[in-house]
Amino acid sequence: MNTQSAPDARPHAGESAGESGEPTTHFGFRTVPEAEKVKLVHDVFEQVASRYDLMNDLMSGGLHRAWKQAMIDWLNPPRGARPFRLIDVAGGTGDIAFRFLERAGPGAHVSVCDINPHMLAVGRARAEAQQFGGRVEFACGNAEALPFPDRSFDAYTIAFGIRNVTHVEKALEEAFRVLKPGGRFLCLEFSQVSVPVLDSIYDAYSFSAIPKMGEWVTGNGEPYQYLVESIRRFPPQQRFKSMIEAQGFARVQYRNLTGGVAAMHSGWRL
């Protein structure tokens, strides 16, 4: 893989139609019909569901744990008994949900929504083992069409998932829809490295080491190749901030983590 081409692979807001006239989108560095992307992404996460945390360890060098904690710190959920409802999207294994429940008070409840049943099965098993009882529920659903009513949640989180949806703008629109007025949106995602030299090191590590480690651990490096490519295709920090604002969110800001290897974006439905 020629890592020098990675920055040029970042898309603009839309994708063009293919030769057949069908709308197309990106799947890593490939261009595919929009209708196929959901299945392709589903297949990737079906293959890695049982080792999802290990996958994130490989891709971040273990830093994803600290980044997720930083997102919970920024959310700062209430620790008292007042009701507080969180929806965690694309979080099937429960990693964000459980961190939230450990931090929040007894009035907190989290709905985990993921499009992949295999990821949800991992999360349910973990929830039973950690005895979170009725404080967490799991629902199978698409980030672009959430199976919840309008104005249902006090906060919305999505960690390392929004780059995998077919229409990012639609996922943001759905986030706005299900939040109550005064509700908060928080997204944690791999992003664009902003530190000279670190960007070259990161590219070399990503494209050379991660797929090979994935193949060694799981016997198949292709899902990891896609995940690395999908990071490079995701909009950089400022452009993603503008996309969030375009869906109606106010007071949008972002914080870089580890020199921009990842970034957190925050916005409010006012």
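Bear in mind the structure is a predicted one, so any value in this text is a computation, not a measurement. Start at 1 with the first residue, then count along the sequence.
Below 30°, between 30° and 60°, or above 60°: for Phe84 and Phe100 the angle between ring planes is between 30° and 60°, a tilted geometry. Between Phe185 and Phe249, the angle of the ring planes lies from 30° to 60°, which puts this pair in the tilted group.
Between Glu174 and Tyr156, every side-chain heavy-atom pair lies at or beyond the 4.5 Å cut-off. Under the 4.5 Å side-chain criterion, counting only non-hydrogen atoms from C-beta, Ile72 is in contact with Gln69. Looking only at side-chain heavy atoms (C-beta outward), Ser230 and Asn164 come within less than 4.5 Å of each other. With contacts defined as side-chain heavy-atom distances shorter than 4.5 Å, the pair Arg233/Glu229 does not qualify. At least one side-chain heavy atom of Arg151 sits under 4.5 Å from a side-chain heavy atom of Pro181. Residues Val112 and Val136 form a side-chain contact, since some pair of their non-hydrogen atoms from C-beta on lies under 4.5 Å apart. Under the 4.5 Å side-chain criterion, counting only non-hydrogen atoms from C-beta, Ile87 is in contact with Leu146. With contacts defined as side-chain heavy-atom distances shorter than 4.5 Å, the pair Glu189/Met264 does not qualify.
Across all their heavy atoms, Gly259 and Leu198 have their closest contact at CA-CD2, 4.4 Å. Among all heavy-atom pairs drawn from Ala171 and Val165, the shortest one is CB-CG2, 4.1 Å. When all heavy atoms of Gly161 and Ala90 are compared, the pair lying nearest together is CA-CB, 3.9 Å. Taking every heavy atom of both residues into account, Ala143 and Val89 meet most closely at CB-CG1, 3.6 Å. Across all their heavy atoms, Arg251 and Leu270 have their closest contact at CD-CD1, 4.0 Å. In this structure, Ala108 and Arg135 approach most closely via the heavy-atom pair O-NE, 3.5 Å.
Using modelled atom types, one side-chain atom of Gln237 and one backbone atom of Gln192 make a donor-acceptor pair closer than 3.5 Å. No side-chain donor-acceptor contact under 3.5 Å links Ser191 to the backbone of Val261.
In this structure, CD in Gln247 is found 12.0 Å from OG in Ser242, a value given to the nearest 0.5 Å. Distance check, rounded to the nearest 0.5 Å: CG of Leu179 to CG of Asp150 gives 11.0 Å. Distance CG/Asp88 to CD1/Ile158: 8.0 Å, rounded to 0.5 Å. The structure places SG of Cys140 at 7.0 Å from CD1 of Ile115, a figure rounded to the nearest 0.5 Å. Residue Trp74 holds its CH2 atom at 13.5 Å from OG1 of Thr157, rounded to the nearest 0.5 Å. Atoms CG and CZ, on Leu172 and Phe240 in that order, are 5.0 Å from each other to the nearest 0.5 Å.
Each of Lys180, Arg269, Arg82, Arg85 was evaluated against Asp154; a single residue qualifies, Lys180, per the salt bridge (charged side-chain N to carboxylate O under 4.0 Å, His left out) test.
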**Request:** Apply the test side chain to side chain contact (heavy atoms under 4.5 Å, CB included) to residues Arg126 and Asp95: give CA-CA distance (whole Å), side-chain angles for both, the deciding distance (0.1 Å), then the verdict.
**Result:** CA-CA 9 Å; Arg126 291 180 64 190; Asp95 209 22; 3.7 Å; yes
**Request:** Begin with the C-alpha distance, continue with both residues' side-chain angles, and end with the deciding distance and a verdict on side chain to side chain contact (heavy atoms under 4.5 Å, CB included) for Phe138 and Ser111.
**Result:** CA-CA 6 Å; Phe138 293 85; Ser111 299; over 6 Å; no
**Request:** Could you please spell out the steps behind the side chain to side chain contact (heavy atoms under 4.5 Å, CB included) verdict for Phe153 and Leu86?
**Result:** CA-CA 6 Å; Phe153 298 97; Leu86 169 71; 5.8 Å; no
**Asked** Between Arg255 and His265, is a side chain to side chain contact (heavy atoms under 4.5 Å, CB included) present by the stated rule, with each step listed?
**Response** CA-CA 7 Å; Arg255 295 178 179 177; His265 283 75; over 6 Å; no
**Prompt:** After noting the C-alpha distance and the side-chain angles of Arg177 and Glu173, does the key distance pass the salt bridge (charged side-chain N to carboxylate O under 4.0 Å, His left out) rule?
**Reply:** CA-CA 6 Å; Arg177 180 184 68 79; Glu173 179 183 330; over 6 Å; no
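Residues Ile201 and Val228 are members of separate hydrophobic clusters, defined by side-chain heavy-atom contacts under 4.5 angstrom among Ile, Leu, Val, Met, Phe, Trp and Tyr. Using a 4.5 Å cut-off between side-chain heavy atoms of Ile, Leu, Val, Met, Phe, Trp and Tyr, with links allowed through other members, Tyr254 and Trp268 fall into different hydrophobic clusters.
In this structure, Arg163 forms no cation-pi arrangement with Phe234, as its terminal cationic atom is not both closer than 6.0 Å to the ring centre and no more than 45° off the ring axis.
For Arg65, the CZ atom is densely surrounded, since the number of other residues' heavy atoms within 6.0 Å is greater than 12. The local environment of CD in Gln253 is crowded, with over 12 non-hydrogen atoms from other residues, nucleotides or ligands closer than 6.0 Å.
Side-chain atoms of Arg184 and Ser266 include a donor-acceptor pair closer than 3.5 Å.
The pair Glu245-Lys241 meets the salt-bridge criterion, since a charged nitrogen lies less than 4.0 angstrom from a carboxylate oxygen.
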